[in-house]
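Please read the structure below before turning to the comments.
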There are 2 protein chains.
Amino acid sequence: MAETRVESVEKALSILEAFSGEQRSLTLTEIAKETGLYKSNVSRLASSLERYGYLKRDADRRFRLGPALWRLGTLYRRNFEMGDAIRPVLRQLVADTGETASFYVLDQDERLCLYRENSPEPVRHHLDEGARLTLRAGAAGHVLAAFSLLDAGAKAQLAADGSCTSAGERNPHIASAAAPIVDAAGQFHGALAVSGPLERLSGDALEMARLRVLLAARELSRDIL
Amino acid sequence: MAETRVESVEKALSILEAFSGEQRSLTLTEIAKETGLYKSNVSRLASSLERYGYLKRDADRRFRLGPALWRLGTLYRRNFEMGDAIRPVLRQLVADTGETASFYVLDQDERLCLYRENSPEPVRHHLDEGARLTLRAGAAGHVLAAFSLLDAGAKAQLAADGSCTSAGERNPHIASAAAPIVDAAGQFHGALAVSGPLERLSGDALEMARLRVLLAARELSRDIL
DNA sequence: AAAGTTGTTGCGTAGAGTGGAACAGATGGC
DNA sequence: GCCATCTGTTCCACTCTACGCAACAACTTT
């Protein structure tokens, strides 16, 4: 594995990461505090980021994320071209289970919700596309962990069932079932998941959801070559 | 204006820009050729980008854009929080005019389609959210140009009409009308536009579209404080 | 095998990037 | 009004990083 790193680049990227928090706009000093860099340094790095549209500066001189990120973000998603294949599957899962269905990919050491179709139920598990969650809890987390880290436990469960379930792990009121998408070439793409309130999704209901997710994932895995 | 730049950062960002072209996956040498950097340099910069999830590497060692871009891209869009305000307006414009309505923002020296609602007509102007177009043509292009560059012509037209129209400029079969969104503080946010096939959108129809866009933009401008 | 690819690594040096302080605008309190 | 305290930018000297290049390694093609 490459151990090479370019420090100034990584510092610049860590500036962008500073916007992952609650704050959607930051002053220069706030960024400096957040990243541990010197103000002067942040100022220089940020102006390079700004030049390329990765940051933009408000009228009140506060920094915000820039439009280039969204432009490249849509390019990233288009790369997959899987949206067209995945959306219908998610919708079908919602129709079959009555719960929310989503598709997660690995992003660093966390998981990123790429696509999501919400349950029609008034009480449902709600989450936005683009949200980032831990790999350490939740069915989809376990599936992704099995492929990213050397998580022996998750691997074992996947080998046995081909899928994972969780109940009240990440959030005490939510249960979920998830299965991996692996193409014919053996390349891992992400995890399909169904999630909903624990009260509806437990016992047989959860097991049924697991089977439905597993089935959908298998079919999807075959379709995408 | 800040003239400071951090070269290695800008080189790294130019690597990401290399994916703006047709290719959605590039080899290291292709990136090197595209950016004019040395292979060894690209290798080091790219591994830093990869470490942060801005690039990812396929099984066949080709580079692709990474999920971090999409994650931050959605954050960027959420920053606006304008989606909630803009989408209904776009839908209303589609209902009123029967044509496609969209919202553009500035991205460097081009315009970026942030939101779009498509016309229900079978023949319509189609374009994806995230697409990037020139500022040099099209009604929305003129509006944005008036605010970004010192485009005297566009500024004059905006001052006179408060809006712009175009017919067959960027694409010979498309006409459009656009107006700026400027908040109470005088901050410019982007351009609202309606566009459709020239055959439907000309003469009185285009003028009516212009008025509708202008009205919608004024209301929206007021709403967003 | 040889002659191309490809991407990675080692190395010495030029010079870019950095820390720190000093400066310059804003803002605000009294 | 004035001083105190924020903000962000600029300057400068030094250090150490990032870079160009070459050599290398791992695969394909001929």
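Proteins get letters first, then strands, A, B, ... in listed order; numbering begins at 1 in each. Bear in mind that the values here come from a model prediction, so they are computed numbers and not experimental data.
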_Pairs flagged by salt bridge (charged side-chain N to carboxylate O under 4.0 Å, His left out) wherever residues 25-34 of chain B is involved - sequence neighbours left out_ = B:E30-B:R62

*Please check if the side chain of B:R77 supplies one atom and the backbone of B:L114 the other of a donor-acceptor pair under 3.5 Å.*
yes

*asked:* Just to verify, what does A:Q92 make a side chain to side chain donor-acceptor pair (under 3.5 Å) with, not counting sequence neighbours?
replied: A:D96

*asked:* Using the side chain to side chain donor-acceptor pair (under 3.5 Å) criterion, which residues pair with A:R87? Sequence neighbours excluded.
replied: A:E117, A:E129

Partner set under side chain to side chain contact (heavy atoms under 4.5 Å, CB included) for [X], not counting sequence neighbours:
{"X": "A:A137", "answer": "A:T134, A:E169, A:R170"}
{"X": "B:E110", "answer": "B:R132"}
{"X": "A:S195", "answer": "A:T100, A:R116, A:H125, A:I174, A:S176"}
{"X": "A:T74", "answer": "A:W70, A:R78"}

*Is there a side-chain polar atom (N or O) of B:N41 under 4.0 Å from OP1 or OP2 of D:dA18?*
no

*Look at the side-chain N and O atoms of B:K11 and state whether any lies under 4.0 Å from the OP1 or OP2 oxygen of D:dA18.*
no

Anything under 3.5 Å between a protein N or O and an N or O of nucleotides 12-17 of chain D, put it in a table, one pair a line.
none

Can you name the atoms? Protein N/O to nucleotides 5-7 of chain C N/O, anything below 3.5 Å, with the distance.
| residue | atom | partner | partner atom | Å |
| --- | --- | --- | --- | --- |
| C:dG7 | OP1 | B:L28 | N | 2.9 |
| C:dG7 | OP2 | B:T29 | N | 3.0 |
| C:dG7 | OP2 | B:T29 | OG1 | 2.7 |
| C:dG7 | N7 | B:K39 | NZ | 2.8 |

*Given atom CZ of A:R5 and atom C1' of C:dT8, what is their separation to the nearest angstrom?*
17 Å

